[in-house]
Structure formats: C-alpha cells, structure tokens
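Take a look at the structure set out below.
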Amino acid sequence: MPTTNSLDVISSLCKRRGFIFHSSEIYGGINGFWDYGPLGCEMKRNIKEDWWKTTVRNREDVAGLDATIIMHPAIWKASGHLDTFSDPMSTCKSCKKLMRADQVWDILADGEIGQGLAALIVGGVDAGKVAGWCKGKAKGLAPNLAAVRDADALTAAFEKIKADPAAYADAQALYVLLANAKGSQPAVTPCPYCGGELTEPRPFNLMFKTVVGPVDDPANVAYLRPETAQAIFAQFQNVQVTSRQQVPFGIAQMGKSFRNEVTPRNYTFRSREFEQMELEFFIRPDEAVELICGTVTTMADSPDLSVPQASWGWEVWHKYWVEQRKAWIQACGLPKDSFVEYWQKPEELAHYARACVDIEYSFPFGVQELEGIAARSDFDLTQHQKHSGKSMEVFDEPLKLAAAKLDEAAKAAFTAKVSAEWATRGKDAEAARAFVAKLFEGKYVPHVIEPSAGVDRMMLALLCNAYEEQKLTDEKGKEDVRVVMHFSPRIAPVKVAVFPLVKNKPEVYNKAREIFGHLRRRCAAFWDEGGAIGRRYRRQDEIGTPWCVTIDFQTLDDGTVTLRDRDTMQQERLTLDQLKAKLEEALL
RNA sequence: GCGGGUGUAGCUCAAUUGGUAGAGCGCGACCUUGCCAAGGUCGAGGUUGUGGGUUCGAGACCCAUCACUCGCUCCA
C-alpha cells in the first residue's frame, strides 16, 4: 500500500503538518538536530510508551531505569567509548578521502596498491622491478605517489633501494619510501588509495564534551552519553537488589543520547542528538545453565521461542529477543516484508560480541539499521567490575545447589570440559578454572543480550511506511489525489477527530462539543469545525487519524454518530457507547 | 573536516541580458453548506538563508558564513 516516495515528500509533509521541524530554524538551523512539533511529539511519545509497555510493564522480568545523561567520565573509559570514539582521522590532500589514521596500513594491504607492492617484494626487493611498477601499473593505481609523479623522486628511491634492499622488504616501508624518496620533512604518510599526501591525524571525538562545575578545567571534563546502555551496567547491582529480580532478568531505559557525528545525514536518520530505547537482558553463562539443567538448549534443538525456559543458552535467548523485537516492530505498524534481519558476519562483530542482528528497514535512501540485538557476553559488566573495583557478580541459589550435588570427580570433569571449550576461543585455562570455581559457589558475572532501538529511526520508518498518495475518482469522473498516512491506531498522534456536520446550527454544534468532551477524556481527540466536511476528512487523512466522528441531525434524534474509517473511507452509524467500546478495543 | 549541487511566502514553484518580487495550494475571519480537498467576501505572510562587497540600481554578479543535498566516514 505505501507509495514509493522520496524523503523530500515525507519531510515536507512533516514540516507542513507539524511533525518535525529543523532545530533553531529561525537562526538558520543547526546540523543534525531536529525538533518534534505538536503531532510529532505525540507520535514519538506513543512509540516510546508502547515500547515501555511491551518491554517493561507487560513483563515480570524487566525493571526500568532513568539515569542521567552526564555521568562519571570513568564510565566511558571502562566502556571503551573514550578510546574508540576518538579516533584520529587523516584526509588525503589529493583525493580528499577521510580515513582512520590507525587503519591506513590495513587499507593499503587490502587494496590493489598493497597487492602490487606485495608482489614486488616477493623473493627480495629489486630496484629495477620497483621502477618498472612506478612507471607502469602504479600510474593508474597510485597516480599521486611522489615516485610515480616525479622522475627525480623515482631516481632517488631507486638509489636508496639499491643501497639497502633489505630495509624495504615490506610493503609499508617500500610505500613510505616511494612517497618520501627526496627526503621531505616531516615524512609524508602516503594515502593508501592514491599515494597522495595525508594530513596529520586530527582527533575526531564523537562524544560531546562539557565541563562539570564552574571551573573550566580539563580535570572537570565530562561527556554527554553516546548511548544509554552504560548507565544500566553501572547501576546493575542497585537495580538488581532493589527490584528483587534474579537472573535472567532485564533492565530497560529510554532517553537521549548524543554523538558528534561526522556527517548527520538522511533527515532525522543520523542525528547528533537522538533518543534510544535500550534493554540489557542479563542471562546466566551457558556453563551455569548446564550445571543447573544438565543441558544447554541451543538453536540446533529448534526450541519453542514463545516462553523462556531455564535451559536456554545465550544463543536461544538472543534469538528469542530478535523475535520479540520483530513482533513489536510489526505491532507498531511496519509490515513484515518491509524490514529484514541481518546477521553480522563473524568478521564484522565487535571482539566481545558473540552475535549481532540488525533489523534493517528499507528507507527511501536505502536499507538501513532500525535497531540492533547484540549478544555481548559478560564484556560490559566485567569491564565495569575491573575499572570500578566493585563486584558485578550475582549469587544464584539454584546454581549453588546444583553444584553442591556434584562430587569431586564430577567437578574436575566439568572444569576440564570448560577449560577445553574456553581454549578453543583462545582463553587461558587459568581464567577458565577461576570462572568454574566461582560457579561452584553460585557466583558469576551475568552475560547480556542487548536489544537497542532508536526512537527517531523507528518514527522515521513509520512515517515513510505510512505515506500514501491515492488517486481517487468520484462519480462524476473527477480525479483527485488523497494523501493518507496509514499509521497504526496505537501510534497515530490523533486517534479520533470530531466534527459537527454544520456549525451554524447550535443544536448540532453543541451536541458535537458534548461528544468531543466524552472522547477526549479517553484518547487523543481533535476538534475541527472549519470548512466543508470533506476537507476536514482529508486534513485528518494527511496526519493519519484513524477515525473521524461526525455529529449530524440524526444524532439529535437517536444519539447515533457516523464513524468514518481512514483507510476504507467507509462510514458506519454507532451509538456513543458502541463508539467508545470500539475505540477502547482498537487502542488497547 | 574536504569536494560537487542547492537555498525566493507555511508548502510547491515563477521572475528577460542586473531595473525595484508573483502564482497555485495552504492558513485566518465572516457568510453559505445535510458527508469526502464545494462556493462567495475579506484578510494575514517575504529586508529573496545570513553578513559584507561591486553597481545609479542585486533575488540574479563577487566574498564570507549557515543550512540542505550527493560522495569520503558511520550504524541507535
């Protein structure tokens, strides 16, 4: 049903009808920041409330948290954001490409230039072969390399290689020489794409910095959080104890996050200030599950994913949450075939992640991530345990009881088995033994499954999906275009609009006001008395109001009203009680 | 941050070679109106993104700046 459309059409409707405005527009706007207008903030609120209801209130095993945006800077040291979010970047002065300074040599090795160089150094560097490459193939591959561009430079390089071939026996050293043969000072780092000169690496901090306290001193620097998740880990023990939850259980949080993106792009899709809905769902390590249940259910067992089981291993929990998240996305109104599940390949995963699924929606600008569901092992809690010195372990009574039933031989066998498994993942036996010893005491650092969604992205996807331009032809054959936003009723910013059929008849008008008064107490209702009835319907179509109620002369006689459906444009007559019941059911 | 394109009313767009800014839609008021963008009358809205400069005169030309957009980067 959704019409193929460009982002321009969506964004102009959003502005015209008050969904989304450019932040600080009267001062020329500010890149990467967006405001939600009257309808937009209602809709965004609906998305968040629906997520909260589904993730927290309707479950017994998830507790909520609302932490601050500014936290102790040590949190970002522990999480790794301080290091990974401040990559020094270099730009090529010739081809203008931007790259992480620490990846220059990897890019070179992976590219055609690197392969060309690698071929040259097989069996020892030969100055003649190098010169031949510079005059031939390299003209296409690395046109901006000094030795390719400049004959004198090539000659200088030729002499240096002849003098000491062993010094240039690896691709990187050789490439640097070809860029610096004439001894430029300081030495030039050549671009791995074209051989041109790279700028000095400049820090690119993706976290927003601020200063806590009145003194503007480097010691007081703090950061606006780049994700909400870390607060959950930092408050893990407090929440666990006060909520009286036992693993497996989750902690959920919604809130603003900030990233100083290099290039905000695609309307609200990549913003510098955005809102997240994150759940950290803590589970037992598989080894603990095995001790308690005697077995670990994996996806190979084709488990029923509808009700969580104690025997589930991380793999099943991960898949369970993928399914839960997809179900929610569908319930919000995105059709099943409009998004895909993308399983990150092993080489794409962060080093601590065991699996990560991206739910990708096909936006007008391409298939892009809506949310991610990551299996992050015990990485986060362990990091905070290390950096804070505070224990992140939980005590698991069933685990201790199960371990107590094992005799020494069984314990030794279990320890040996775990050590062997850990060894295949490159972990040392010492760590495995310490981990198992803790397990026998009923203690471990929980592992975590992290479904992390972007509110703004979900909203953008819903806007894109809902938009339709319908060609209508009336009985007289007159053509007309109707713009409809097909929001699901639970997400729609306005649920019901109320119209008096005519406004110059006080009886009808007053009756309509009375009915409007009833409805607005139950759901987001909108009053419109301006213009012809058809125009009023169309105005509501454009903002996605599912139902319009019209009060006419018959209402005065029998108390019934007409309920007009947005998608079918059909009307039915209902009593006020029937109407209330219908709305209640649809919005539950 | 770098390079290409763009910026006129709430929206979509006009405005000869530089000559003093306009249309449609929308919006507001009133009248009319018995169900799908109806009709009538009246009305509000722009220092042409912003700031400089060239010129007798700039929406148009030059410079700067801000933003949008496409690439490099990124992933809620």
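Note that the structure is a prediction, hence the values are computed from the model and not measured.
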Figure out the CZ/C1' separation between A:Arg270 and B:U69, and round it to whole Å. 15 Å
A:Arg564 atom CZ is separated from B:G34 atom P, nearest whole Å, by 20 Å
Check the distance between B:C75's P and A:Phe339's CZ and give it to me in whole angstrom. 23 Å
Once you apply a heavy-atom cut-off of 4.0 Å, does A:Ala532 come out as touching a base, just sugar-phosphate, or nothing? base
At under 4.0 Å between heavy atoms, what does A:Gly372 touch on the DNA or RNA strands: base, sugar-phosphate, or nothing? sugar-phosphate
Any base atoms under 4.0 Å from A:Asn266, or only sugar-phosphate, or nothing? Heavy atoms, all strands. sugar-phosphate
Could I get a table of every N or O pair under 3.5 Å where one atom is in the protein and the other is in nucleotides 8-14 of chain B?
residue: B:C11; atom: OP1; partner: A:Lys15; partner atom: NZ; Å: 2.7

Take A:Asp552 and A:Arg573 through the salt bridge (charged side-chain N to carboxylate O under 4.0 Å, His left out) test and state the conclusion after the steps. CA-CA 11 Å; A:Asp552 57 18; A:Arg573 287 206 81 89; 3.0 Å; yes
At 4.0 Å (heavy atoms only), tell me whether A:Glu369 reaches a base, stays on the sugar-phosphate, or touches nothing. base
Contact class for A:Phe269 (heavy atom, under 4.0 Å): base, sugar-phosphate, or nothing? base
Has the side chain of A:Tyr537 got a donor or acceptor that lies under 3.5 Å from a partner of the other kind on the base of B:C35? yes
Along RNA chain B (nearest heavy atom to each residue), the more 5'-positioned of A:Arg457 and A:Phe33: A:Phe33
Residue met sooner reading RNA chain B from 5', once A:Gln570 and A:Lys505 are mapped to nucleotides: A:Lys505
At a heavy-atom distance below 4.0 Å, what parts of residues 544-560 of chain A sit against RNA chain B? A:Thr550, A:Asp552, A:Phe553
B:A37 P sits how many Å from A:Arg538 CZ, rounded? 5 Å
Rounded to whole Å, please give me the gap between CD in A:Glu542 and P in B:C25. 16 Å
N/O (side chain, A:Arg259) to phosphate O (OP1/OP2, B:U73) under 4.0 Å: no
Using a 3.5 Å cut-off and no angle test, enumerate the donor-acceptor pairs between side-chain atoms of residues 500-512 of chain A and protein atoms at least two apart in sequence or in another chain.
residue: A:Tyr509; atom: OH; partner: A:Glu529; partner atom: OE1; Å: 2.5
residue: A:Asn510; atom: ND2; partner: A:Pro506; partner atom: O; Å: 3.2

Inter- and intrachain pairs under ring pair (Phe, Tyr, Trp, His ring centres under 6.0 Å), touching residues 329-349 of chain A, at least two apart: A:His318-A:Trp343
Could you list the residues that satisfy side chain to side chain contact (heavy atoms under 4.5 Å, CB included) with A:Thr568, not counting sequence neighbours? A:Asp565, A:Gln570
Sugar-phosphate only, base, or nothing, as touched by A:Gly32 at under 4.0 Å among non-hydrogen atoms: sugar-phosphate
Could you tell me how far apart A:Asn504 (CG) and B:U32 (P) are, to the nearest whole angstrom? 6 Å
A:Lys256/A:Glu273 ion pair, N-O < 4.0 Å: yes
Give one of base, sugar-phosphate or nothing for A:Gln368, where a contact means two heavy atoms less than 4.0 Å apart. nothing
Whole Å only: how far is the CZ atom of A:Arg539 from the C1' atom of B:A37? 9 Å
Does A:Tyr267 reach a base, just sugar-phosphate, or nothing at all? Heavy atoms under 4.0 Å. sugar-phosphate
Tell me every residue that passes side chain to side chain contact (heavy atoms under 4.5 Å, CB included) with A:Gln383, counting only those two or more places apart in sequence or in another chain. A:Phe379, A:Lys386, A:His387
Rounded to whole Å, please give me the gap between CG in A:Leu370 and P in B:A76. 12 Å
Sugar-phosphate only, base, or nothing, as touched by A:Ser271 at under 4.0 Å among non-hydrogen atoms: base
